[in-house]
Amino acid sequence: MASVLAFPPLRLAPGSDAAPFAPALPLAELPAGAMRRVTFGDVDVLLAHTSSGIAAVDDRCPHMAAPLSIGELDGCVVACPLHNGRFDLSTGEPIQMPTTGGLLPDGDYVPTWSPPGREPKEDPPGKKADARRLTRVRRFRYYPVRISDDGVVEVAVPR
Ligand code: FES
């Protein structure tokens with residue numbers, strides 16, 4: 001039987017505790033290991049059936065907002081299709097920094113990725129490099145999820 005992922009305390013998306021549950025999709029359309037985008041108004045939600053249960057977060061990479069629903073899911077880890085960032089849905093934390101480098105959630109700087117054994121690449125001067133360097137990877141925020149008695153995945157999204 002499918003279960004719901006127990007997300008880390010204090011990582012509830014703002015306003016979600018007062019939001020009503022709404023149907024997202026039949027559980028049969030979200031088998032183990034699958035990811036789907038479901039849109040509520042102007043909010044795109046990623047539903048991921050991880051090895052620890054079903055999670056619902058924004059379908060926006062915590063780095064630069066690419067849609068994670070077209071990435072890869074391995075256990076609880078989702079890989080972004082844009083800069084190869086990898087994020088653990090069971091903790092909300094990045095486990096592989098995007099290749100562009102930038103700031104970790106705690107503010108520590110990580111340089112642009114370079115092949116192993118090579119010197120770190122110099123960032124060229126300019127606003128694009130500044131934007132990469134100053135972009136902070138966020139932690140996931142979670143929407144409450146439940147599975148109805150008739151097998152529908154429901155999500156509480158503030159609107
Ligand atoms: S947008 Fe996802 S890793 Fe950069």
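Counting starts at 1 for both ligands and their atoms, in listed order. Heavy atoms only: backbone and side chains are in, while hydrogens, waters and symmetry mates are out.
For ligand 1, the atoms sitting less than 4.0 Å from at least one non-hydrogen atom of P98 are 3 (S), numbered in the order shown with element in parentheses. Atoms of ligand 1 found under 4.0 Å from any heavy atom of A66 (numbered from 1 in listed order, with element): 1 (S). Here is the list of ligand 1 atoms found below 4.0 Å of a heavy atom in C80: 1 (S), 2 (Fe), 3 (S). If you number the atoms of ligand 1 from 1 as listed, the ones under 4.0 Å from a heavy atom of G85 come out as 3 (S). Taking every heavy atom of C61 and a limit of under 4.0 angstrom, the matching atoms of ligand 1 come to 1 (S), 2 (Fe), 3 (S).
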Practice task
I would like to know whether D130 and R133 meet salt bridge (Lys or Arg N to Asp or Glu O under 4.0 Å); could you show each step before the answer?
Solution key: CA-CA 5 Å; D130 288 347; R133 185 172 51 79; 3.2 Å; yes

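By the 4.5 Å heavy-atom criterion applied to side chains, M97 and L104 are counted as neighbours. Between V155 and V38, the closest side-chain pair of non-hydrogen atoms is not below 4.5 Å.
Here the angle at atom 4 (Fe) of ligand 1 defined by ND1 in H83 and ND1 in H63 stands at 90°, rounded to 10 degrees.
Of all protein heavy atoms, the one lying nearest to atom 1 (S) of ligand 1 is M64 N, 3.4 Å.
The two residues Y109 and L103 have their closest heavy-atom pair at CA-CD2, 3.9 Å. Across S69 and M35, no two heavy atoms sit closer than the pair O-CE, 4.2 Å.
Between Y142 and F7, the ring planes lie parallel to each other; the angle is under 30°, not in the 30° to 60° tilted range.
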